[in-house]
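Structure first, then comments.
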Number of protein chains: 2
Amino acid sequence: MGKIIIGKNGSKKEVITRKASSLFRKKGFTATSMRDIAEAIGVEAPSLYNHIESKNEILKDICFRIAKMFTDHLREVELCRKSNLEKIENIIRFHISMMIDEFESVYISDHEWKHLREPFLTDFTNQRRNYRSRLAAILQKGIDNKQINAVNPYVAVLIILSALSGIEGWQKSGKKIDAKLLEENMIKLLIEGLRNK
Amino acid sequence: MGKIIIGKNGSKKEVITRKASSLFRKKGFTATSMRDIAEAIGVEAPSLYNHIESKNEILKDICFRIAKMFTDHLREVELCRKSNLEKIENIIRFHISMMIDEFESVYISDHEWKHLREPFLTDFTNQRRNYRSRLAAILQKGIDNKQINAVNPYVAVLIILSALSGIEGWQKSGKKIDAKLLEENMIKLLIEGLRNK
DNA sequence: TTTCAAAACTAACACTTATTAGTTTTTTTA
DNA sequence: TAAAAAAACTAATAAGTGTTAGTTTTGAAA
(Lines give C-alpha, C1' and ligand atoms only; values in the text may rest on other atoms or scores of the structure.)
Protein backbone atom coordinates (compact mmCIF):
# COMPACT_ATOMS: atom_id res chain seq x y z
CA MET A 1 0.00 0.00 0.00
CA GLY A 2 2.63 2.51 0.95
CA LYS A 3 5.20 3.41 3.48
CA ILE A 4 5.68 5.85 6.29
CA ILE A 5 7.42 8.96 5.08
CA ILE A 6 9.43 10.66 7.75
CA GLY A 7 9.70 14.41 7.62
CA LYS A 8 12.92 16.04 8.67
CA ASN A 9 11.82 16.07 12.29
CA GLY A 10 11.94 12.66 13.78
CA SER A 11 11.40 8.95 13.68
CA LYS A 12 8.54 7.02 12.16
CA LYS A 13 7.12 6.61 15.65
CA GLU A 14 6.83 10.37 15.80
CA VAL A 15 5.05 10.45 12.46
CA ILE A 16 2.54 7.96 13.79
CA THR A 17 2.11 9.89 17.01
CA ARG A 18 1.52 13.13 15.17
CA LYS A 19 -1.09 11.69 12.82
CA ALA A 20 -2.73 9.91 15.72
CA SER A 21 -2.84 13.14 17.72
CA SER A 22 -4.71 14.87 14.97
CA LEU A 23 -7.30 12.08 14.81
CA PHE A 24 -7.58 11.68 18.58
CA ARG A 25 -8.41 15.36 18.83
CA LYS A 26 -10.94 15.38 16.01
CA LYS A 27 -12.74 12.12 16.81
CA GLY A 28 -11.64 11.21 20.31
CA PHE A 29 -9.29 8.42 21.37
CA THR A 30 -11.83 5.62 21.56
CA ALA A 31 -13.55 6.57 18.34
CA THR A 32 -10.24 6.51 16.47
CA SER A 33 -9.24 3.06 15.25
CA MET A 34 -5.78 1.81 14.39
CA ARG A 35 -7.09 1.43 10.86
CA ASP A 36 -8.03 5.14 10.83
CA ILE A 37 -4.50 6.07 11.86
CA ALA A 38 -2.96 3.72 9.34
CA GLU A 39 -5.11 5.05 6.53
CA ALA A 40 -4.19 8.65 7.37
CA ILE A 41 -0.55 7.68 7.03
CA GLY A 42 -1.05 5.56 3.95
CA VAL A 43 -0.21 2.16 5.33
CA GLU A 44 -1.95 -0.95 6.66
CA ALA A 45 -2.83 -1.09 10.34
CA PRO A 46 -0.57 -3.98 11.34
CA SER A 47 2.44 -2.15 9.91
CA LEU A 48 2.15 0.36 12.70
CA TYR A 49 3.18 -2.30 15.17
CA ASN A 50 6.70 -2.31 13.76
CA HIS A 51 7.07 1.08 15.41
CA ILE A 52 4.74 1.23 18.38
CA GLU A 53 3.73 -1.07 21.20
CA SER A 54 0.01 -0.41 21.29
CA LYS A 55 -2.65 2.20 20.67
CA ASN A 56 -2.56 3.02 24.35
CA GLU A 57 1.16 3.67 24.24
CA ILE A 58 0.55 6.46 21.73
CA LEU A 59 -1.83 8.15 24.14
CA LYS A 60 0.58 7.67 27.02
CA ASP A 61 3.43 9.25 25.05
CA ILE A 62 1.31 12.25 24.17
CA CYS A 63 0.06 12.85 27.70
CA PHE A 64 3.37 12.38 29.46
CA ARG A 65 5.34 14.49 27.04
CA ILE A 66 2.98 17.40 27.64
CA ALA A 67 2.85 16.84 31.38
CA LYS A 68 6.64 16.96 31.51
CA MET A 69 6.77 20.23 29.61
CA PHE A 70 4.40 21.86 32.07
CA THR A 71 6.16 20.41 35.09
CA ASP A 72 9.59 21.46 33.87
CA HIS A 73 8.40 24.98 33.26
CA LEU A 74 6.75 25.20 36.65
CA ARG A 75 9.99 24.19 38.37
CA GLU A 76 11.85 26.98 36.55
CA VAL A 77 9.25 29.51 37.61
CA GLU A 78 9.35 28.37 41.22
CA LEU A 79 13.10 28.95 41.33
CA CYS A 80 13.16 32.35 39.62
CA ARG A 81 13.25 35.62 41.53
CA LYS A 82 10.03 37.35 40.69
CA SER A 83 6.92 38.43 42.52
CA ASN A 84 4.22 35.83 42.92
CA LEU A 85 1.86 37.69 40.62
CA GLU A 86 4.59 37.83 37.98
CA LYS A 87 5.10 34.11 38.40
CA ILE A 88 1.42 33.50 37.74
CA GLU A 89 1.55 35.74 34.72
CA ASN A 90 4.56 33.82 33.44
CA ILE A 91 2.72 30.54 33.85
CA ILE A 92 -0.35 31.87 32.08
CA ARG A 93 1.78 33.01 29.16
CA PHE A 94 3.43 29.61 29.00
CA HIS A 95 0.05 27.86 28.87
CA ILE A 96 -1.03 30.09 26.03
CA SER A 97 2.13 29.44 24.05
CA MET A 98 1.68 25.70 24.64
CA MET A 99 -1.88 25.90 23.37
CA ILE A 100 -0.57 27.52 20.22
CA ASP A 101 2.54 25.43 19.56
CA GLU A 102 1.28 22.09 20.83
CA PHE A 103 -2.41 22.43 20.26
CA GLU A 104 -3.38 18.85 19.44
CA SER A 105 -1.23 17.29 22.14
CA VAL A 106 -2.37 19.68 24.85
CA TYR A 107 -5.97 19.11 23.88
CA ILE A 108 -5.58 15.34 24.10
CA SER A 109 -3.71 15.49 27.37
CA ASP A 110 -6.61 17.58 28.69
CA HIS A 111 -9.52 15.60 27.26
CA GLU A 112 -8.45 12.02 26.65
CA TRP A 113 -6.24 11.20 29.61
CA LYS A 114 -9.00 9.19 31.21
CA HIS A 115 -8.34 6.45 28.68
CA LEU A 116 -4.82 5.92 30.00
CA ARG A 117 -4.25 2.50 31.53
CA GLU A 118 -2.72 1.77 34.89
CA PRO A 119 -0.17 2.47 36.18
CA PHE A 120 -0.05 5.51 33.91
CA LEU A 121 -3.51 6.73 34.79
CA THR A 122 -2.63 7.07 38.46
CA ASP A 123 0.75 8.57 37.66
CA PHE A 124 -0.84 11.15 35.38
CA THR A 125 -3.59 12.22 37.76
CA ASN A 126 -0.99 12.54 40.53
CA GLN A 127 1.07 14.83 38.33
CA ARG A 128 -1.98 16.96 37.67
CA ARG A 129 -2.88 17.22 41.32
CA ASN A 130 0.70 18.09 42.15
CA TYR A 131 0.79 20.80 39.49
CA ARG A 132 -2.38 22.40 40.80
CA SER A 133 -1.13 22.31 44.39
CA ARG A 134 2.08 24.08 43.50
CA LEU A 135 0.18 26.71 41.56
CA ALA A 136 -2.11 27.23 44.54
CA ALA A 137 0.96 27.59 46.76
CA ILE A 138 2.27 30.45 44.63
CA LEU A 139 -1.11 32.14 44.81
CA GLN A 140 -1.25 31.66 48.57
CA LYS A 141 2.12 33.37 49.00
CA GLY A 142 0.88 36.28 46.91
CA ILE A 143 -2.21 36.53 49.06
CA ASP A 144 -0.09 36.50 52.25
CA ASN A 145 1.96 39.33 50.70
CA LYS A 146 -1.25 41.25 50.07
CA GLN A 147 -0.21 41.43 46.41
CA ILE A 148 -2.96 39.10 45.36
CA ASN A 149 -6.65 39.52 46.09
CA ALA A 150 -7.93 37.28 48.90
CA VAL A 151 -9.55 34.57 46.84
CA ASN A 152 -9.53 30.89 47.61
CA PRO A 153 -6.37 29.75 45.86
CA TYR A 154 -7.78 26.40 44.78
CA VAL A 155 -10.75 28.07 43.16
CA ALA A 156 -8.44 30.52 41.45
CA VAL A 157 -6.26 27.73 40.10
CA LEU A 158 -9.35 25.97 38.82
CA ILE A 159 -10.56 29.08 37.09
CA ILE A 160 -7.22 29.97 35.58
CA LEU A 161 -6.46 26.50 34.29
CA SER A 162 -9.86 25.97 32.79
CA ALA A 163 -9.96 29.42 31.26
CA LEU A 164 -6.66 28.56 29.66
CA SER A 165 -7.70 25.16 28.42
CA GLY A 166 -10.69 26.83 26.81
CA ILE A 167 -8.45 28.51 24.28
CA GLU A 168 -8.63 25.22 22.51
CA GLY A 169 -12.02 26.30 21.26
CA TRP A 170 -10.57 29.39 19.72
CA GLN A 171 -8.29 27.76 17.13
CA LYS A 172 -11.06 26.39 14.97
CA SER A 173 -13.62 29.08 15.72
CA GLY A 174 -14.65 31.18 12.75
CA LYS A 175 -13.52 34.36 14.44
CA LYS A 176 -9.86 34.70 13.61
CA ILE A 177 -8.43 36.09 16.79
CA ASP A 178 -4.82 37.07 16.66
CA ALA A 179 -2.69 35.11 19.10
CA LYS A 180 -1.07 38.17 20.62
CA LEU A 181 -4.44 39.87 21.13
CA LEU A 182 -5.72 36.75 22.80
CA GLU A 183 -2.75 36.57 25.12
CA GLU A 184 -2.98 40.20 26.20
CA ASN A 185 -6.71 40.03 26.82
CA MET A 186 -6.28 36.88 28.78
CA ILE A 187 -3.59 38.38 30.98
CA LYS A 188 -5.62 41.54 31.47
CA LEU A 189 -8.73 39.70 32.54
CA LEU A 190 -7.16 37.08 34.75
CA ILE A 191 -4.37 39.10 36.31
CA GLU A 192 -6.61 42.12 36.92
CA GLY A 193 -9.09 39.79 38.58
CA LEU A 194 -6.35 38.62 40.90
CA ARG A 195 -4.51 41.86 41.64
CA ASN A 196 -5.24 43.39 45.02
CA LYS A 197 -6.47 46.94 44.62
CA MET B 1 -32.75 -10.81 34.27
CA GLY B 2 -34.71 -7.92 35.71
CA LYS B 3 -36.74 -4.93 34.89
CA ILE B 4 -36.38 -1.21 34.80
CA ILE B 5 -37.51 0.34 38.05
CA ILE B 6 -38.82 3.83 37.61
CA GLY B 7 -38.32 6.27 40.45
CA LYS B 8 -40.99 8.78 41.19
CA ASN B 9 -39.58 11.18 38.65
CA GLY B 10 -40.23 10.06 35.16
CA SER B 11 -40.53 7.44 32.50
CA LYS B 12 -38.31 4.46 31.86
CA LYS B 13 -36.65 6.41 29.09
CA GLU B 14 -35.58 8.93 31.69
CA VAL B 15 -34.15 6.18 33.88
CA ILE B 16 -32.10 4.96 30.95
CA THR B 17 -30.96 8.47 30.11
CA ARG B 18 -29.90 9.13 33.67
CA LYS B 19 -27.88 5.93 34.00
CA ALA B 20 -26.37 6.50 30.58
CA SER B 21 -25.38 10.05 31.56
CA SER B 22 -23.48 8.80 34.52
CA LEU B 23 -21.55 6.29 32.38
CA PHE B 24 -20.99 8.69 29.51
CA ARG B 25 -19.39 11.11 31.91
CA LYS B 26 -17.20 8.55 33.64
CA LYS B 27 -16.06 6.60 30.58
CA GLY B 28 -16.98 8.77 27.61
CA PHE B 29 -19.74 8.20 25.06
CA THR B 30 -17.85 5.93 22.68
CA ALA B 31 -16.29 3.87 25.44
CA THR B 32 -19.71 3.20 26.97
CA SER B 33 -21.55 0.28 25.41
CA MET B 34 -25.25 -0.43 25.38
CA ARG B 35 -24.39 -3.50 27.44
CA ASP B 36 -22.73 -1.29 30.05
CA ILE B 37 -25.86 0.81 30.30
CA ALA B 38 -28.10 -2.23 30.42
CA GLU B 39 -26.02 -3.86 33.14
CA ALA B 40 -26.07 -0.70 35.25
CA ILE B 41 -29.85 -0.78 35.09
CA GLY B 42 -30.12 -4.52 35.60
CA VAL B 43 -31.53 -5.57 32.26
CA GLU B 44 -30.36 -7.04 28.94
CA ALA B 45 -29.14 -4.64 26.26
CA PRO B 46 -31.83 -5.33 23.65
CA SER B 47 -34.52 -4.53 26.21
CA LEU B 48 -33.43 -0.91 26.14
CA TYR B 49 -34.74 -0.64 22.59
CA ASN B 50 -38.30 -0.90 23.84
CA HIS B 51 -37.79 2.58 25.25
CA ILE B 52 -35.20 4.34 23.13
CA GLU B 53 -34.42 4.64 19.44
CA SER B 54 -30.66 4.32 19.55
CA LYS B 55 -27.58 5.02 21.63
CA ASN B 56 -27.14 8.23 19.70
CA GLU B 57 -30.62 9.39 20.58
CA ILE B 58 -29.70 9.29 24.26
CA LEU B 59 -26.78 11.62 23.62
CA LYS B 60 -28.95 13.90 21.51
CA ASP B 61 -31.58 14.14 24.25
CA ILE B 62 -28.97 15.03 26.84
CA CYS B 63 -27.26 17.68 24.74
CA PHE B 64 -30.42 19.37 23.48
CA ARG B 65 -32.11 19.44 26.86
CA ILE B 66 -29.15 21.29 28.33
CA ALA B 67 -28.77 23.58 25.34
CA LYS B 68 -32.41 24.55 25.67
CA MET B 69 -32.03 25.40 29.36
CA PHE B 70 -29.12 27.73 28.62
CA THR B 71 -30.86 29.31 25.66
CA ASP B 72 -34.10 29.88 27.57
CA HIS B 73 -32.23 31.51 30.41
CA LEU B 74 -30.27 33.73 28.09
CA ARG B 75 -33.47 34.99 26.48
CA GLU B 76 -34.83 35.94 29.90
CA VAL B 77 -31.66 37.80 30.76
CA GLU B 78 -31.66 39.67 27.47
CA LEU B 79 -35.17 40.93 28.16
CA CYS B 80 -34.66 41.99 31.78
CA ARG B 81 -33.84 45.54 32.83
CA LYS B 82 -30.42 45.36 34.36
CA SER B 83 -26.99 46.71 33.61
CA ASN B 84 -24.89 44.70 31.21
CA LEU B 85 -22.42 43.76 33.91
CA GLU B 86 -25.29 42.54 36.08
CA LYS B 87 -26.56 40.50 33.16
CA ILE B 88 -23.18 38.83 32.82
CA GLU B 89 -23.10 38.17 36.54
CA ASN B 90 -26.56 36.64 36.30
CA ILE B 91 -25.45 34.36 33.49
CA ILE B 92 -22.35 33.30 35.37
CA ARG B 93 -24.44 32.42 38.40
CA PHE B 94 -26.79 30.41 36.23
CA HIS B 95 -23.91 28.43 34.74
CA ILE B 96 -22.65 27.62 38.20
CA SER B 97 -26.05 26.46 39.39
CA MET B 98 -26.36 24.32 36.26
CA MET B 99 -22.99 22.75 36.96
CA ILE B 100 -24.21 21.85 40.41
CA ASP B 101 -27.76 20.69 39.63
CA GLU B 102 -27.14 19.11 36.24
CA PHE B 103 -23.55 18.12 36.55
CA GLU B 104 -23.46 14.96 34.44
CA SER B 105 -25.62 16.34 31.66
CA VAL B 106 -23.73 19.61 31.40
CA TYR B 107 -20.45 17.75 31.35
CA ILE B 108 -21.62 15.51 28.53
CA SER B 109 -23.07 18.37 26.55
CA ASP B 110 -19.68 20.07 26.90
CA HIS B 111 -17.41 17.09 26.19
CA GLU B 112 -19.28 14.53 24.12
CA TRP B 113 -21.32 16.63 21.69
CA LYS B 114 -18.90 15.85 18.89
CA HIS B 115 -20.36 12.35 18.71
CA LEU B 116 -23.76 13.71 17.74
CA ARG B 117 -24.88 12.68 14.26
CA GLU B 118 -26.21 14.95 11.56
CA PRO B 119 -28.41 16.90 11.41
CA PHE B 120 -28.12 17.28 15.17
CA LEU B 121 -24.41 17.98 15.14
CA THR B 122 -24.84 21.04 12.94
CA ASP B 123 -27.88 22.20 14.87
CA PHE B 124 -26.00 21.90 18.15
CA THR B 125 -22.88 23.73 17.04
CA ASN B 126 -25.06 26.49 15.61
CA GLN B 127 -26.81 26.86 18.94
CA ARG B 128 -23.44 27.14 20.66
CA ARG B 129 -22.15 29.75 18.26
CA ASN B 130 -25.38 31.68 18.63
CA TYR B 131 -25.14 31.58 22.42
CA ARG B 132 -21.59 32.90 22.39
CA SER B 133 -22.48 35.68 19.97
CA ARG B 134 -25.32 36.90 22.12
CA LEU B 135 -23.08 36.84 25.19
CA ALA B 136 -20.46 38.82 23.32
CA ALA B 137 -23.15 41.33 22.31
CA ILE B 138 -23.99 41.96 25.96
CA LEU B 139 -20.34 42.48 26.74
CA GLN B 140 -19.95 44.84 23.80
CA LYS B 141 -22.81 47.00 25.06
CA GLY B 142 -21.17 47.12 28.48
CA ILE B 143 -17.91 48.18 26.88
CA ASP B 144 -19.67 50.90 24.88
CA ASN B 145 -21.18 52.09 28.18
CA LYS B 146 -17.71 52.23 29.70
CA GLN B 147 -19.03 49.95 32.42
CA ILE B 148 -16.96 47.06 31.20
CA ASN B 149 -13.22 47.05 30.65
CA ALA B 150 -12.21 47.32 27.00
CA VAL B 151 -11.41 43.69 26.31
CA ASN B 152 -12.14 41.83 23.12
CA PRO B 153 -15.64 40.51 23.81
CA TYR B 154 -15.09 37.21 22.00
CA VAL B 155 -12.00 36.51 24.03
CA ALA B 156 -13.87 37.41 27.20
CA VAL B 157 -16.73 35.06 26.32
CA LEU B 158 -14.23 32.31 25.63
CA ILE B 159 -12.54 32.86 28.97
CA ILE B 160 -15.73 33.08 30.97
CA LEU B 161 -17.35 30.03 29.42
CA SER B 162 -14.29 27.87 29.76
CA ALA B 163 -13.61 29.02 33.28
CA LEU B 164 -17.16 28.01 34.07
CA SER B 165 -16.98 24.65 32.39
CA GLY B 166 -13.86 23.95 34.41
CA ILE B 167 -15.93 23.72 37.56
CA GLU B 168 -16.63 20.23 36.41
CA GLY B 169 -13.19 19.35 37.69
CA TRP B 170 -14.07 20.58 41.12
CA GLN B 171 -16.88 18.16 41.96
CA LYS B 172 -14.70 15.10 42.19
CA SER B 173 -11.54 16.85 43.36
CA GLY B 174 -10.35 15.86 46.81
CA LYS B 175 -10.60 19.42 48.05
CA LYS B 176 -14.15 19.83 49.23
CA ILE B 177 -14.97 23.35 48.17
CA ASP B 178 -18.29 24.69 49.30
CA ALA B 179 -20.55 25.60 46.41
CA LYS B 180 -21.33 29.07 47.74
CA LEU B 181 -17.64 29.82 48.27
CA LEU B 182 -16.92 28.69 44.75
CA GLU B 183 -19.64 30.88 43.32
CA GLU B 184 -18.53 34.00 45.16
CA ASN B 185 -14.88 33.53 44.25
CA MET B 186 -15.79 32.96 40.68
CA ILE B 187 -17.87 36.13 40.50
CA LYS B 188 -15.17 38.10 42.26
CA LEU B 189 -12.44 37.00 39.89
CA LEU B 190 -14.33 37.20 36.64
CA ILE B 191 -16.45 40.26 37.28
CA GLU B 192 -13.56 42.19 38.82
CA GLY B 193 -11.50 41.30 35.79
CA LEU B 194 -14.20 42.80 33.61
CA ARG B 195 -15.19 45.88 35.59
CA ASN B 196 -13.86 49.16 34.31
CA LYS B 197 -11.93 50.92 37.04
C1' DT C 1 25.40 -8.63 -6.32
C1' DT C 2 24.57 -11.18 -2.35
C1' DT C 3 23.10 -10.78 2.56
C1' DC C 4 20.41 -9.29 6.18
C1' DA C 5 17.46 -6.64 8.78
C1' DA C 6 13.75 -3.33 8.80
C1' DA C 7 9.34 -2.60 7.54
C1' DA C 8 5.74 -3.45 4.76
C1' DC C 9 2.11 -6.85 3.54
C1' DT C 10 -2.11 -10.49 3.93
C1' DA C 11 -4.80 -13.39 6.70
C1' DA C 12 -6.68 -14.26 10.70
C1' DC C 13 -8.06 -14.38 15.67
C1' DA C 14 -10.81 -13.60 19.45
C1' DC C 15 -13.79 -10.25 21.00
C1' DT C 16 -16.89 -6.35 21.16
C1' DT C 17 -20.11 -3.27 18.88
C1' DA C 18 -25.08 -1.48 18.01
C1' DT C 19 -29.01 -3.27 16.61
C1' DT C 20 -32.86 -6.59 14.76
C1' DA C 21 -35.98 -10.71 14.76
C1' DG C 22 -38.67 -13.58 16.96
C1' DT C 23 -40.37 -15.39 21.32
C1' DT C 24 -41.76 -15.53 26.07
C1' DT C 25 -43.01 -13.28 30.20
C1' DT C 26 -45.25 -9.68 32.70
C1' DT C 27 -48.53 -6.12 33.31
C1' DT C 28 -52.64 -3.69 32.18
C1' DT C 29 -57.23 -3.51 30.37
C1' DA C 30 -61.88 -5.25 29.43
C1' DT D 1 -60.41 -14.38 34.12
C1' DA D 2 -59.53 -13.65 29.13
C1' DA D 3 -57.44 -10.59 25.80
C1' DA D 4 -54.29 -7.17 24.53
C1' DA D 5 -50.34 -4.54 25.04
C1' DA D 6 -45.91 -3.66 27.00
C1' DA D 7 -41.58 -5.04 28.04
C1' DA D 8 -38.57 -8.39 28.99
C1' DC D 9 -35.89 -12.31 27.05
C1' DT D 10 -32.57 -15.31 23.76
C1' DA D 11 -30.28 -15.76 19.51
C1' DA D 12 -28.21 -13.85 15.88
C1' DT D 13 -26.29 -10.49 12.42
C1' DA D 14 -22.98 -7.79 10.14
C1' DA D 15 -19.52 -4.84 11.01
C1' DG D 16 -15.61 -3.21 13.56
C1' DT D 17 -11.95 -3.69 17.37
C1' DG D 18 -6.79 -4.16 18.72
C1' DT D 19 -3.46 -7.18 17.87
C1' DT D 20 -0.59 -11.46 16.34
C1' DA D 21 1.53 -14.79 12.98
C1' DG D 22 3.68 -15.61 9.12
C1' DT D 23 5.27 -13.98 4.65
C1' DT D 24 6.95 -10.85 1.17
C1' DT D 25 9.05 -6.63 -0.20
C1' DT D 26 12.36 -3.00 0.34
C1' DG D 27 16.66 -0.63 1.20
C1' DA D 28 21.12 -0.52 2.97
C1' DA D 29 25.60 -2.78 4.13
C1' DA D 30 28.97 -6.17 2.74
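Numbers restart at 1 for each chain; the letters A, B, ... are given by sequence-line order, proteins then strands.
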Report all interatomic pairs (protein N or O, nucleotide N or O of nucleotides 22-24 of chain C) with separations under 3.5 Å.
none

Checklist entry - Can you say whether the rings of B/F70 and B/Y131 are parallel (under 30°), tilted (30 to 60°) or perpendicular (over 60°)? => result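 Judged by the thresholds at 30° and 60°, the geometry between B/F70 and B/Y131 is perpendicular.
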Item to check | Geometric class of the A/F29/A/H115 ring pair [parallel <30°, tilted 30-60°, perpendicular >60°] | outcome: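 Parallel, since the angle between the ring planes stays under 30°.
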Okay, side chain of [X], backbone of [Y]: is any donor-acceptor separation there less than 3.5 Å?
| X | Y | result |
| --- | --- | --- |
| A/D36 | A/S33 | yes |
| B/K87 | B/L139 | no |
| A/S47 | A/V43 | no |
| A/E184 | A/L181 | no |
| B/N152 | B/Y154 | yes |

Item to check | the helix from C/dT1-D/dA30 to C/dA30-D/dT1: angle between end helix axes, five pairs per end, rounded to 10 degrees | outcome: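 One end axis against the other gives 10°.
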Item to check | Derivation of the salt bridge (charged side-chain N to carboxylate O under 4.0 Å, His left out) call for A/D144 and A/K141 | outcome: CA-CA 5 Å; A/D144 295 343; A/K141 279 189 231 151; over 6 Å; no
Starting at atom [atom1] of [X], determine the distance to atom [atom2] of [N], rounded to an integer number of angstrom.
| X | N | atom1 | atom2 | result |
| --- | --- | --- | --- | --- |
| A/I37 | D/dG16 | CD1 | P | 17 Å |
| A/L48 | C/dA6 | CG | P | 18 Å |
| A/L23 | D/dG18 | CG | C1' | 16 Å |
| B/N50 | D/dA6 | CG | C1' | 7 Å |
| A/E44 | D/dT17 | CD | C1' | 16 Å |

[N] phosphate, OP1 or OP2: any side-chain N/O from [X] under 4.0 angstrom?
| X | N | value |
| --- | --- | --- |
| A/K12 | C/dA8 | yes |
| A/S47 | C/dA7 | no |
| B/H51 | D/dA8 | yes |

Could you run down the sub-3.5 Å N/O contacts of the protein with nucleotides 14-19 of chain C?
unit_1 : atom_1 : unit_2 : atom_2 : d
C/dA18 : OP1    : B/T32  : O      : 3.3
C/dA18 : OP1    : B/M34  : N      : 3.3
C/dA18 : OP1    : B/K55  : NZ     : 3.0
C/dA18 : OP2    : B/M34  : N      : 2.9
C/dA18 : N7     : B/R35  : NH1    : 3.1
C/dA18 : N6     : B/R35  : NH2    : 3.3
C/dT19 : OP2    : B/Y49  : OH     : 2.5
C/dT19 : OP2    : B/K55  : N      : 2.9
C/dT19 : O5'    : B/Y49  : OH     : 3.2

Next on the checklist: Can you confirm whether or not the ring centre of B/Y107 sits under 6.0 Å from the ring centre of B/F24?
Outcome noted: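 Centroid separation for B/Y107 and B/F24: 6.0 Å or greater.
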